[in-house]
Amino acid sequence: MRRAFLGLGSNLGDRFAQLQSAVEAIGRTPGIEIIRLSSIYETEPVGMKEQPAFYNMVVEAQTELEPKSLFHTIKEIETAIGRTTSVRWGPREIDIDLLYFDSAVISDPEFQVPHPEIANRNFVLIPLAEIDGSFIDPRRRQPIRSLLAASLDRSAVKRLDLVLSLSH
């Protein structure tokens, strides 16, 4: 089993329900076991500012899947939940990003691991630090808590009192 961190976000429709559906779908996927969920955070949009606020969170999982297979699986989950094609940094029903896969550094035409924007995104760093602030980013060779401390991102990230249920 390999360790993976997935970033989830939603800013269209019932944001909480979209995250719940994504977590349930990830948890039902053969070869993936959810280990921990971060809190849910309400966050300002990045890039395109004129859109609704996001709900974001991070899922830690163990997986038997290879990175490319995991990437394709999470994209299939997005489609199944109802993600429609959107513009870069635009609004979306659900977004699932492969943030880390063990200590792998992967540059594939379809995806990169670690996700290239992690160090610039508090909406990812804060829930990652909540789950495991000592995890070492394999590209930057720094723990998540150090990346968060050095982040220049000043967008609002507010922890919500919403709790997702993990059904096994």
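We count residues from 1, following the sequence as given.
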Are the side chain of Asn56 and the backbone of Tyr41 linked by a donor-acceptor contact shorter than 3.5 Å? no
Modelled atom types, side-chain donor and acceptor of Thr63 and Glu33, under 3.5 Å: no
Pair Phe5 and Phe135, ring centroids less than 6.0 Å apart: yes
Could you check whether any side-chain N or O of Arg15 sits under 3.5 Å from a backbone N or O of Ala53, counting only pairs where one atom can act as donor and the other as acceptor? yes
Sorted by first residue and then second, give each salt bridge (charged side-chain N to carboxylate O under 4.0 Å, His left out) pair with at least one member in residues 99-109; sequence neighbours left out. Arg2-Asp102, Lys68-Asp108
Please determine whether the number of non-hydrogen atoms from other residues, nucleotides or ligands lying under 6.0 Å from atom CD of Glu50 exceeds 12. no
Is there a donor-acceptor pair closer than 3.5 Å between any side-chain N or O of Arg139 and the backbone N or O of Pro114? yes
Check ion pair Asp132-Arg145 (N to O, under 4.0 angstrom): no
Just by distance, do the side chain of Gln51 and the backbone of Pro45 share a donor-acceptor pair under 3.5 Å? no
Yes or no on side chain to side chain contact (heavy atoms under 4.5 Å, CB included) for His115 and Val124, after CA distance, side-chain angles and deciding distance? CA-CA 10 Å; His115 191 282; Val124 174; over 6 Å; no
Run the side chain to side chain donor-acceptor pair (under 3.5 Å) test against Asp97 and tell me which residues pass, sequence neighbours left out. none
Glu60 versus Tyr100, side-chain donor and acceptor atoms under 3.5 Å: no
Do Ile32 and Leu70 come within less than 4.5 Å of each other through their side chains, counting heavy atoms only? yes
Mark yes or no for whether Ser151, through its side chain, and Leu147, through its backbone, hold a donor-acceptor pair below 3.5 Å. no
Which is it for Glu93 and Ile81 under the side chain to side chain contact (heavy atoms under 4.5 Å, CB included) test, yes or no, and what are the steps along the way? CA-CA 8 Å; Glu93 295 83 3; Ile81 291 172; 5.7 Å; no
Looking at Gln142, is its backbone amide N or carbonyl O close enough to the side chain of Ser146 to form a donor-acceptor pair, meaning the two atoms are under 3.5 Å apart? no
Just by distance, do the side chain of Ser38 and the backbone of Val58 share a donor-acceptor pair under 3.5 Å? yes
For the side chain of Asp153 and the backbone of Asn122, is there at least one donor-acceptor N/O pair under 3.5 Å apart? yes
